[in-house]
Amino acid sequence: MPEEAAGKGLAVADRYYQDYGSRARELKRQGKKILGYLCAFVPVEIITAAGFIPFRIKGDVNEPITKADTEMETIVCPLVRSCFDMSLKGSYEFLDGIVIPHACDSICRTYDVWKYSLNLPYSHLINMPHGTGKPSLDFYQALLGTFRTSLSKFAGVEISDRELIQAIKLHNQNRAKVRELYGLRKASPPLISGTEVAKVLIASVSIPVEESIKMLGDVIEEVRQRGGVPARKSARIMVVGAQVDSIAFIKLIEDSGAWVVADDLCPGAREFFPDVTVADPIEGIAERYLRKVKCGRTYREMEGNYEEYLEDRFGHMSRMIKDFNVDGVVLYIYKYCDPFGFEVPQIKSYIESKGTPVLYLEDEYSMSTIGRLRTRIQAFLELLGSK
Amino acid sequence: MSQYFAGIDLGSTMTKAVIMNQAVLASVIGPTGPEHRKLANRVMEEALTRAKLPFADITYVVATGYGRINVPFADKQITEISCHARGVSYLLPEVKTVIDIGGQDSKGIKLKDGRVVDFVMNDKCAAGTGRFLEVTAEGLGVKLDDMGKLALTAKNAVRISNTCTVFATQEVVSKLAEGMPLPDIIAGLHEAIAARVYSMVGRLKIEKEVALTGGGAKDIGLVKALETKLGYSVLVPPEPLLTGAIGAALLGKDIVKEAEKKGETLPRSERRLTEATFFT
Amino acid sequence: MTEEKKPEEKKKRKTATEAASKIGPMVKATIGGTVQAREEGKPIAYSFICCCYDEIIRAMDIVPVWTENYAGVCGAKRDAQRFLERAEAENFSRSLCTYALCGLGFDAWREELGEMPPEPPWGGQARPDMMLGSGQMLCDPRNKWYQAAQHYMPDIPVYDAGAPWPPYEDDYDYREVQDYYVKYIVEELKGLVKFLEKHTGRKMDWDRLSELVDLADRTWNLIWETYELRRAVPTPMGTGDAMNTMVPMVFMMGTQEAYDFYQELNDELKHKIANKEGVIPDEKYRLIWGGGLPSWFALSDFNYFNSKGAVFPVEVTYRMVEAIYHFDIDLSKITDPLEHIAWRWVKFWTYWYDKAKKRLGSHPDVERLIQYIEDYKIDGIVMHEAFSCRSWHVGLIWQLNLLKKVYKDIPSLILESDIVDISSYNEADTRARIDTFIDTLEAVKSQGR
């Protein structure tokens with residue numbers, strides 16, 4: 001098999017996934033500075049432009065949350081709590097700072113807890129607005145300006161427009177690679193499993209963007225050459241949810257006899273499909289993160305009637321269902337999640353109105369509930385099988 | 001040659017097995033207990049004895065329920081959702097919504113043309129399951145089997161505000177000590193379960209006819225409480241504990257028919273009734 | 001002062017002040033008024049408290065339906081469960097804000113029936129003509145709840161007015177960014193006015209708005225001065241009452257009625273102080289309610305505290321004003337009403353920032369606690385963790401830890417329950433915790449610490 005020979009592609013992804021943060025540790029020893037961040041709404045382009053390595057803080061679904069409870073309430077989203085727990089337990093001891101976006105209450109209202117507990121040399125909250133109108137866009141640009149100034153001070157050098165444009169180019173390239181990778185999932189059976197894709201994407205947000213581009217390129221080539229995965233499975237599933245930063249859930253679905261071929265997740269299609277397209281770098285970044293990334297944390301204004309509103313907010317999901325030939329959608333939402341929790345009835349009814357069955361699962365993030373999930377997923381696949 | 005189909009439903013509280021060809025030939029119901037692996041083959045043995053059949057004659061065995069992975073002699077494992085749906089649509093074809101209240105879980109299943117189109121489950125919280133009644137009955141010093149009858153004699157059901165089984169038990173015990181009538185308290189407990197179940201199943205947009213299955217269906221107080229919540233009566237199959245096992249057997253029959261049509265051979269387990277070991 | 005409310009009997013909870021006792025009927029009348037307004041065809045807007053738009057709504061004679069308040073009323077009357085269950089049946093998670101679940105469950109039911117659900121508390125929640133959300137740091141339900149409600153009322157428009165404030169940071173001073181925050185808020189409020197004009201067919205009377213903004217300023221000052229009277233020993237009013245007296249502050253700001261209410265309260269408190277009339281005759285422990293919304297169905301817990309000799313002269317919750325004349329800018333010079341509102345908002349939320357910079361490792365939330373502990377002679381701090389509200393109940397543990405670290409070790413108690421969902425509340429357990437806390441306070445007192 002190719003990976004043994006070259007140690008590239010899937011083998012590299014596996015290594016970075018299993019020992020999450022190992023590359024960052026290496027780079028730290030070489031004198032690089034690592035900035036940790038939560039959520040797909042942090043403009044990593046600016047961090048890259050400043051010469052820092054953006055590092056996605058993730059949780060651990062197999063690690064019971066213990067230390068975090070001494071500082072952070074248990075009513076916070078379990079993903080955020082797990083991230084904080086791992087940080088306190090020393091998994092991310094190499095961080096020089098944290099950048100936190102105003103994504104949701106669980107993230108923005110715990111900012112002070114993160115800041116004071118970890119006590120890193122640098123911390124910054126990007127107070128991203130919820131709205132998408134022109135005043136919100138202008139406000140967001142001003143915030144990004146403040147972030148840029150602050151990060152420049154920490155870097156000891158101004159972040160130039162040229163560096164920003166270059167960083168945007170790189171991150172766009174990275175995203176294009178992900179889209180190319182997703183293209184391999186359209187086949188029947190898909191050329192790459194959902195578990196493998198999840199592993200690759202999670203690994204990719206823990207390494208510098210240049211290395212991610214390379215790794216993704218290698219994976220795509222390797223997958224094309226190996227000629228498809230043999231197993232025949234019953235259904236093609238799309239997973240919709242917030243952040244899934246472990247392969248466990250995707251693997252559970254695939255072990256139950258289905259393919260996971262598509263998603264609206266972070267890291268996943270939601271995070272990687274939209275690019276920065278506007279020429280001015282700060283305006284381009286603002287426009288991408290505020291208007292192009294479609295996530296429940298952003299309040300999109302209603303134009304037209306209610307049906308058109310749902311189409312604006314969720315239309316990309318039904319297009320993906322068509323493009324990837326999806327049989328069923330699993331809506332995988334964590335308890336205590338406001339942005340997604342409030343949208344469940346609308347998402348479910350929208351997708352079902354287009355003719356695709358939806359399994360709604362409310363879960364705790366940790367894999368202690370795996371038995372219960374397994375039954376529901378199996379029942380859902382039986383339901384799809386009987387159609 | 002006659003074909004026989006076996007369905008075995010290994011629930012968290014009760015284990016049920018049936019053997020069918022055109023109709024149910026034999027059925028067994030027994031408590032599961034912690035050793036449900038060993039129990040599966042014993043229940044199967046008992047069913048075969050009652051049906052007067054050797055195990056070799058069984059065409060297909062389907063296992064379902066919480067412990068379905070611990071049935072080594074099963075040819076296939078299918079979730080209890082699909083099995084209950086199949087069982088109910090056989091026993092009561094007009095049913096569109098199934099509510100199953102078991103010892104430690106409860107579920108709602110939406111049917112269309114006899115097939116599952118949607119479902120919800122509660123297997124995390126005791127409130128809304130038989131456990132709730134079990135624990136509170138013990139707290140009140142009442143036999144579980146008497147709870148339903150007593151509920152029917154209530155004058156004014158007491159409102160129980162705690163949904164947590166442990167706290168609810170505290171609450172009813174203190175209410176009893178305060179002098180509230182026992183039937184009123186028990187009726188309140190039934191209403192509390194009915195409310196939780198109704199809320200859960202409500203996610204499916206309940207459609208008539210509605211069937212109630214599982215141990216909960218044998219509690220007349222719970223049946224009435226649910227009917228009050230729904231505003232109409234529910235159908236209860238003659239033996240509500242067996243719908244899962246019946247459905248399992250019938251799904252096995254469907255699988256065999258399908259394979260015969262396609263001319264395929266089905267993988268089957270060895271026809272040997274042994275206890276499960278860790279290395280099965 | 002030691003009467004405890006039994007759930008089965010609809011006994012009125014005893015309050016320390018006359019003013020607080022008037023609130024119940026006031027709220028009932030307000031809710032009834034919204035139902036009547038619906039019948040009369042007056043424009044009605046679902047509204048959230050503390051979103052900068054009180055005076056704007058009042059200036060256009062729009063009738064607000066305070067959906068948080070209605071849920072709180074359902075909770076206080078212990079009749080929220082059926083609405084929570086309905087929301088759950090709609091596939092909303094029970095871990096979401098229970099105000100929102102109550103409201104959404106109610107709306108779903110009302111829309112299904114085409115009329116109010118059976119026996120709705122105090123007449124019910126009237127169907128609105130528009131819904132006014134808010135996109136800012138206060139909470140996510142403020143920009144998700146009404147959007148979710150549109151699923152049941154797809155014909156009702158929503159406007160989300162952003163109103164953020166600068167966070168407390170080390171890498172810059174908030175004054176460096178306050179200008180563009182104010183600019184954004186003003187634009188959002190302009191958009192709100194346009195939206196209201198469009199959907200009511202009315203034009204904003206900017207002079208009237210200026211008057212109401214000025215009235216609100218004066219009301220802020222009056223409230224602050226009135227609450228500061230509670231520093232007296234014995235304290236004339238506790239948090240139990242404040243959970244009532246907050247009503248005009250957050251539901252009637254910009255009305256003469258609200259101003260008059262606080263004037264009456266001010267007079268009453270001065271009178272009590274002159275006669276050395278406290279909440280309880282023998283005040284042993286003075287506590288601060290340091291954070292968290294109360295359990296609306298268990299306000300009688302304050303009476304329980306009283307029965308143990310404990311009073312709450314001060315709280316952080318619902319003290320949504322500061323004295324305007326203490327701001328570092330002269331707000332009276334800002335004559336444009338929208339700018340005035342925006343500056344007042346930003347200055348309120350950043351009020352304690354400068355103080356925090358002066359104490360190493362401190363934080364504005366903690367500085368506020370310290371100030372109150374000193375001014376009101378506080379012996380202990382109580383926090384309430386309501387499980388469904390991440391807005392006000394995340395960071396309380398951390399605040400307590402930080403308070404003890406930068407200031408001093410002070411006896412503390414964390415209560416756990418919810419704002420509306422009574423199934424989370426265990427009276428016996430709560431009272432046991434309170435008893436233990438009282439023992440701690442007594443021990444500390446006798447050690448003369």
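Residue numbers begin at 1 in each chain, while the letters A, B, ... track the order of the sequences.
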May I ask you to test the C:S93-A:Y360 pair for a side-chain heavy-atom distance under 4.5 Å? yes
Identify which part of C:V158 has an atom lying under 4.5 Å from any heavy atom of chain A, answering side chain, backbone, both or neither. both
Is any side-chain heavy atom of C:K183 closer than 4.5 Å to one of A:P135? no
Is it the side chain or the backbone of A:D69 that comes within 4.5 Å of chain C heavy atoms, both, or neither? backbone
Decide side chain to side chain contact (heavy atoms under 4.5 Å, CB included) for C:E188 and A:S136; before the verdict, give the C-alpha distance in whole Å, the side-chain angles of both, and the deciding distance to 0.1 Å. CA-CA 8 Å; C:E188 291 285 280; A:S136 297; 4.1 Å; yes
Proximal component of C:Y152, with respect to chain A [non-hydrogen, under 4.5 Å]: side chain
Select one option (side chain, backbone, both, neither) describing which atoms of C:L402 are under 4.5 Å from chain A's heavy atoms. side chain
So, for C:Y172 and A:H124, is the gap between ring centers shorter than 6.0 Å? yes
Go through A:G131, A:G296, A:C108 and name the one with the most non-hydrogen pairs under 4.5 angstrom from chain C. A:G296
Check for a donor-acceptor pair, side chain of A:E73 on one end and backbone N or O of C:G395 on the other, with a separation under 3.5 Å. yes
Contact winner vs chain C - A:A142, A:C337, A:S123, A:G341, heavy-atom pairs under 4.5 Å: A:A142
A:K153, part contacting chain C, at a heavy-atom distance under 4.5 Å: side chain
Turns out that what part of A:K348 lies under 4.5 Å from chain C's heavy atoms comes down to side chain
Of the backbone (N, CA, C, O) and the side chain (C-beta and beyond), which part of C:A161 lies under 4.5 Å from a heavy atom of chain A, both, or neither? neither
Using atom types as modelled and distance alone, determine if a side-chain donor or acceptor of C:D140 lies under 3.5 Å from a backbone N or O of A:C104. no
Taking the side chain as every heavy atom from C-beta outward, state whether A:D112 and C:W398 have any pair of such atoms under 4.5 Å apart. yes
What residue in A:T74, A:T110, A:V113, A:V76 has the most heavy-atom pairs under 4.5 Å with chain C? A:V113
What part of A:E71 gets within 4.5 angstrom of chain C, counting heavy atoms only: side chain, backbone, both, or neither? both
Winner by heavy-atom pair count (cut-off under 4.5 Å) against chain A, out of C:S134, C:C139, C:P167: C:C139
Main-chain N/O of A:D138 paired with C:E187 side-chain donor or acceptor, under 3.5 Å: no
Any side-chain heavy atom of A:K115 within less than 4.5 Å of one from C:D170? yes
Determine whether the side chains of C:N401 and A:Y116 contain a donor N or O and an acceptor N or O closer than 3.5 Å. no
Locate the shortest heavy-atom distance separating C:A148 from A:F342; write the atom from each residue and the value. CB-O, 3.6 Å
Heavy-atom nearest pair, A:R109 first then C:S391, reads NE-O, 2.5 Å
Note: vs chain C, highest number of non-hydrogen pairs under 4.5 angstrom among A:Y111, A:Y122, A:F154 is A:Y111
Report which part of C:P141 has an atom under 4.5 Å of a heavy atom belonging to chain A: side chain, backbone, both, or neither. both
Any idea which of C:D160, C:L400, C:D365 has the most non-hydrogen atom pairs under 4.5 angstrom with chain A? C:D160
Closest non-hydrogen contact found for C:V177 with A:T146 is CG1-OG1, 3.7 Å
Nearest heavy atoms of A:I75 and C:R390, plus distance in Å: O-NH1, 2.7 Å
Under 3.5 Å, is there a donor-acceptor pair between the side chain of C:K144 and the main chain of A:D338? no
Please report the interatomic distance CG(C:N143) to OH(A:Y299), rounded to the nearest 0.5 Å. 8.5 Å
Neighbour count >12 (heavy atoms, 6.0 Å) for atom NZ, C:K404: yes
Please round to the nearest 0.5 Å and tell me the distance separating atom CG of A:L143 and atom OH of C:Y181. 5.0 Å
Using non-hydrogen atoms only, which part of C:E169 is less than 4.5 Å away from chain A: side chain, backbone, both, or neither? both
Measure C:V394 against the heavy atoms of chain A and call it side chain, backbone, both or neither at under 4.5 Å. both
Taking side chain as C-beta onward, heavy atoms only, is C:S95 less than 4.5 Å from A:E362? yes
For C:W165, is there any backbone N or O sitting under 3.5 Å from a side-chain donor or acceptor partner on A:N127? yes
Max heavy-atom pairs within cutoff under 4.5 Å with chain C, candidates A:G133, A:P339, A:S349, goes to A:P339
Under 4.5 Å between any side-chain heavy atoms of A:R300 and C:Q147, yes or no? no
Are the side chains of C:P157 and A:M302 in touch, meaning some heavy atoms are under 4.5 Å apart? no
Sort C:L138 into side chain, backbone, both or neither according to what part of it lies under 4.5 angstrom from a heavy atom of chain A. backbone
Might you confirm whether atom NZ of C:K357 has over 12 heavy atoms from other residues, nucleotides or ligands at distances under 6.0 Å? yes
Per-residue contact mode, A:I333 against chain C (heavy atom under 4.5 angstrom): neither
A:Y306 and C:H151 aromatic ring geometry - parallel, tilted or perpendicular at 30°/60° bounds: tilted
